[in-house]
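First the structure, in the form of structure tokens, and then the observations on it.
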Amino acid sequence: MKRKYIVLYIIIIMLNATVAYSQIKTTVEGKVTDSENRALPYATVFIANSGDGTMTAEDGTFSFPTKKQGEVTVTTSVVGYKPVSHKITLTAKQKNAVNFVLEDNAVNLKEAIVTASSYGSEADKGVVITRMDVLTTPGGAADIYQSLKTLPGITQVSESAELYVRGGDPLETITVIDQAVVYHTMTFESGYGGMFSNLNQSVVRSMFFTSGGFSAKYGNALSGVLDIETRNIPGRETYNVALSMANASLTVDMPIIEDKLGGYFDIRQSFTRPIFWLNGGNERIPSSPVSKSGTGALIYSYSQSGKIKLFGTYAADDEGVNVERAEYNGTFNGDSKNTFVNLQHTLLLSDRIVMKNSLSYNRYGNTWILGVLDIDRADHVYNFRNDFEYTLSGSAKLLAGAEYENRRITYEGRIPGEDYDIRPGAYSKVIDAALQANRWGVYSEYQMLNPLGLDHVTFTGGVRHDEFPGLKQSWTDPRASIGYKLSGQSVFCLGWGIFHQLPDPRLYAPVDGNPDLGPMRAEHYIASYELDLGEQNSFRVEMYHKDYKNLPLESDITNYDNSGHGFANGVDVILKGSPSPDLTGWISYGYINTKRKWMDYDSYTNSDYDITHNLSLVVKYNVAEQWQVGINAKFATGKPYTPVLSSTFNTTRNVYEPDYGTTNTARFPNYKRVDLRLTYFGQLFDKYSLVAYMEGLNILNFTNIFGYSYTPDYSSRKDILSYFGRRMIVIGCSISI
């Protein structure tokens, strides 16, 4: 039945596309800028009294077909600016140029839509983090998640790519790709988290990350959102081949019909053995981790107001890591396969309404084996989403939408009966559980400039409702923010909102969980000040408070209940800029104080994510015309952990049982790391673009640990080094044809 509806949906879209394409006769093109000649992206441009029109690209340009002829009125509008109309005469089979210059309407677009805690790749969405920032940040491996970890609001809990946002578990932050929520976005998932993103930065058109107080558009998330939009039809045919000590990749852009049909794909294969051969560490890796992935899209623009995009990713990995524990030394073996497919349809319904639809499927499966642990997990997700943007006037916009999600998660295998005994043949529990959850949600949000006639004020208010019929769970979350423009360059913003999310699906297993567990709740309070210091230069300071309620907590009666609670307070600061044409970078600092009582905590204490101080400094300097040197320096307070005080020999199971102290009352040593990157931008044979680089990871060879290994009776211990607990050198290059 699902397949029948999907096929019907595609047929309807293609029929519309055929009709629209057959009517193309005349083209209207031009550019929309503000009074200072800055491009205005995402402005609507349309012919009055018709459905012909489009939205401007990131550079402010537009082009759309029409069957109209003779004199027409072309109008453009965008929130925060006064609408402008021009009359032009259209002639069949002729390109007609018309440009617009818009005057701001008391305050500009940026303050109208920017929310507290936001970072994006677009100039109108807070502090800007560009694709080039992701590509050239030292130690980031050109990975979106690793690069985002240099921003405030994300704590350095581990060296994985997982995002620990303002005292929250990684599960509290969701990733959205072209409207679709993707639950598994990383390779090499293990107990320490995933290492890298499945999504290569080369396919990203824009990204928007918020570490709190986010829009009502997003649901079933407590802490943060990473919203990614993939690229559209490429402008020219290109081929890029990259090779490093860690992987090889091929990226291809293929325009098929100019501005109508095209696509791109990226395939890569990792082979990490050369890194371990050069830098050491083979003693921990019996078989070097390997992965393969592919990402691609096919885009059909059947008119300048309608577009279809089929986007997909596939990733598979396999890893083996030696694990030393008090009771057992063995090898952790893990593998995973991940497939994501999304069909997105964008259409300008009228001169003021834009509609976006998304239909997606995500399938993930993995296996973890270590001693008695042998567990298979599978996750299947179907998602449909429909979003509308309605421009009410030059100073108001209404957002609304709905989504439906069908998710089935299964767990099969064995898990240790006691966390201190993972030996083969040890006491274990058999798991055969499935969680089937259907979710639907609706939201509405209103954005307005100068509400009630108050100059220099912006207001955003929204409400969201989510429903899980099978679990008999539902909630309604109001959210709001208000901003005040203090001067031409500075804005003060207050944000507030209520957020709900279901706990980890694993906790719903009947054997050792609670199928009746309720949703977690967080309430955000945010105050921020942002100063625009000119193009590519900005400063922001932000204070926040998060109040957690209804967190899952172990129970002697129901395994888990919703009696857990906690809080997170903090301050985030970032200064990003380019003091000179050859020098760019940013410095960020975050202070956090967070406590919880949840899961197996025996008291209200520091949470696992209480990394008090987080400091990042990223600097890139062009030392010559073709050479750039970059540095990424990090400092973070040591992670809390629960100390082992002594041990007792368990004669029944023939193993020492550790006696733990109070939860999270000890800390690992502070985390320190400096990465250095030297990059060469040149040409090969005076024809092909060449980028070559050499990176030194943890170049000062700081000792960073993420755990301890104990002797069998827990009388002594030794450090377990982090992934980058020793100095490593990586060399690579890429060629574009």
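Only this structure's heavy atoms are used, side chains among them; waters, hydrogens and symmetry mates stay out.
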Is a donor on one side and an acceptor on the other found under 3.5 Å between the side chain of [X] and the backbone of [Y]?
| X | Y | result |
| --- | --- | --- |
| His500 | Met520 | no |
| Thr155 | Tyr164 | yes |
| Ser474 | Asp466 | no |
| Asn357 | Asp387 | no |
| Arg352 | Tyr390 | no |
| His345 | Lys356 | no |
| Tyr264 | Gly296 | no |
| Arg231 | Ser202 | yes |
| Thr605 | Thr663 | yes |
| Ser211 | Val165 | no |

Side-chain donor-acceptor pair under 3.5 Å between [X] and [Y], yes or no?
| X | Y | answer |
| --- | --- | --- |
| Lys597 | Ser563 | no |
| Asn383 | Asn406 | no |
| Tyr525 | Glu523 | yes |
| Thr367 | Asp376 | yes |
| Tyr183 | Asn362 | no |

[Y] side chain reached by [X] side chain, heavy atoms, under 4.5 Å:
| X | Y | value |
| --- | --- | --- |
| Asn664 | Lys595 | no |
| Pro416 | Leu373 | yes |
| Val354 | Phe388 | no |
| Ile154 | Leu148 | yes |
| Tyr314 | Asn338 | no |
| Val381 | Glu405 | yes |
| Phe311 | Val341 | no |
| Ile375 | Ile431 | yes |

Exercise: identify the closest heavy-atom pair between [X] and [Y]:
| X | Y | value |
| --- | --- | --- |
| Ser555 | Thr558 | OG-N, 3.3 Å |
| Asn550 | Asn562 | O-ND2, 2.8 Å |
| Ser444 | Leu398 | OG-CD1, 3.8 Å |
| Ile611 | Ile592 | O-CG2, 3.0 Å |
| Ser158 | Lys149 | O-NZ, 2.8 Å |
| Glu445 | Ser215 | OE1-OG, 2.8 Å |

Establish, for the pair [X] and [Y], whether the NZ or CZ atom is under 6.0 angstrom from the six-membered ring centre and no further than 45 degrees off its axis.
| X | Y | value |
| --- | --- | --- |
| Arg506 | Tyr411 | yes |
| Arg407 | Tyr382 | no |
| Arg596 | Tyr548 | yes |

Mind checking the [atom1]-[atom2] spacing from [X] to [Y]? Nearest 0.5 Å is all I need.
| X | Y | atom1 | atom2 | result |
| --- | --- | --- | --- | --- |
| Gln501 | Leu222 | CD | CG | 4.5 Å |
| Asn514 | Tyr560 | CG | OH | 10.5 Å |
| Leu343 | Gln179 | CG | CD | 10.5 Å |
| Arg414 | Asp432 | CZ | CG | 12.0 Å |
| Ile422 | Phe332 | CD1 | CZ | 9.5 Å |
| Leu349 | Met355 | CG | CE | 5.0 Å |

Original post:
Can you list the steps and then say if Trp598 with His565 is a ring pair (Phe, Tyr, Trp, His ring centres under 6.0 Å)?
Top reply: CA-CA 7 Å; Trp598 80 316; His565 56 102; over 10 Å; no
inquiry  = Tell me whether the rings of Phe567 and His545 are parallel (<30°), tilted (30 to 60°) or perpendicular (>60°).
reply    = parallel
Step-by-step side-chain hydrogen bond (donor to acceptor under 3.5 Å, both in side chains) determination, Thr173 to Ser223: CA-CA 5 Å; Thr173 297; Ser223 290; 5.2 Å; no
Before giving the answer on side-chain hydrogen bond (donor to acceptor under 3.5 Å, both in side chains), spell out for Tyr544 and Asp572 the whole-Å C-alpha distance, their side-chain angles and the decisive distance to 0.1 Å.
CA-CA 8 Å; Tyr544 63 89; Asp572 290 332; 4.6 Å; no
Verdict with reasoning, Phe468 to Trp475, per ring pair (Phe, Tyr, Trp, His ring centres under 6.0 Å)
CA-CA 9 Å; Phe468 287 81; Trp475 56 78; 5.5 Å; yes
Please determine whether salt bridge (Lys or Arg N to Asp or Glu O under 4.0 Å) holds for the pair Glu403 and Arg439, giving the CA-CA distance in whole Å, both sets of side-chain angles, and the decisive distance to 0.1 Å. CA-CA 8 Å; Glu403 65 176 318; Arg439 175 175 67 92; 3.3 Å; yes
Could you go through the side-chain hydrogen bond (donor to acceptor under 3.5 Å, both in side chains) check for Asp318 and Asn333 one step at a time? CA-CA 8 Å; Asp318 191 3; Asn333 291 294; over 6 Å; no
Given Tyr364 and Phe340, is the ring pair (Phe, Tyr, Trp, His ring centres under 6.0 Å) satisfied, shown in steps? CA-CA 9 Å; Tyr364 175 83; Phe340 169 72; over 10 Å; no
field: More than 12 heavy atoms of other groups within 6.0 Å of Arg268 CZ
entry: yes
Only residue of Thr295, Leu199, Thr230 satisfying side chain to side chain contact (heavy atoms under 4.5 Å, CB included) with Val204 is Leu199
* To do: Let me see the working for Tyr361 and Asn342 under side-chain hydrogen bond (donor to acceptor under 3.5 Å, both in side chains), right down to the final yes or no.
  => CA-CA 6 Å; Tyr361 172 66; Asn342 183 50; over 6 Å; no
For this output row, return yes or no: ring centroids of Tyr443 and His465 closer than 6.0 angstrom. no
Given the rule in the salt bridge (Lys or Arg N to Asp or Glu O under 4.0 Å) test, do Glu467 and Lys472 qualify, once you have shown the distances and angles that lead to the verdict? CA-CA 8 Å; Glu467 191 96 25; Lys472 298 180 181 179; over 6 Å; no
- Message: Determine whether Phe265 and Leu298 satisfy the following criterion, side-chain contact (heavy atoms from CB on, under 4.5 Å), listing intermediate values before the conclusion.
- Response: CA-CA 9 Å; Phe265 66 85; Leu298 182 65; over 6 Å; no
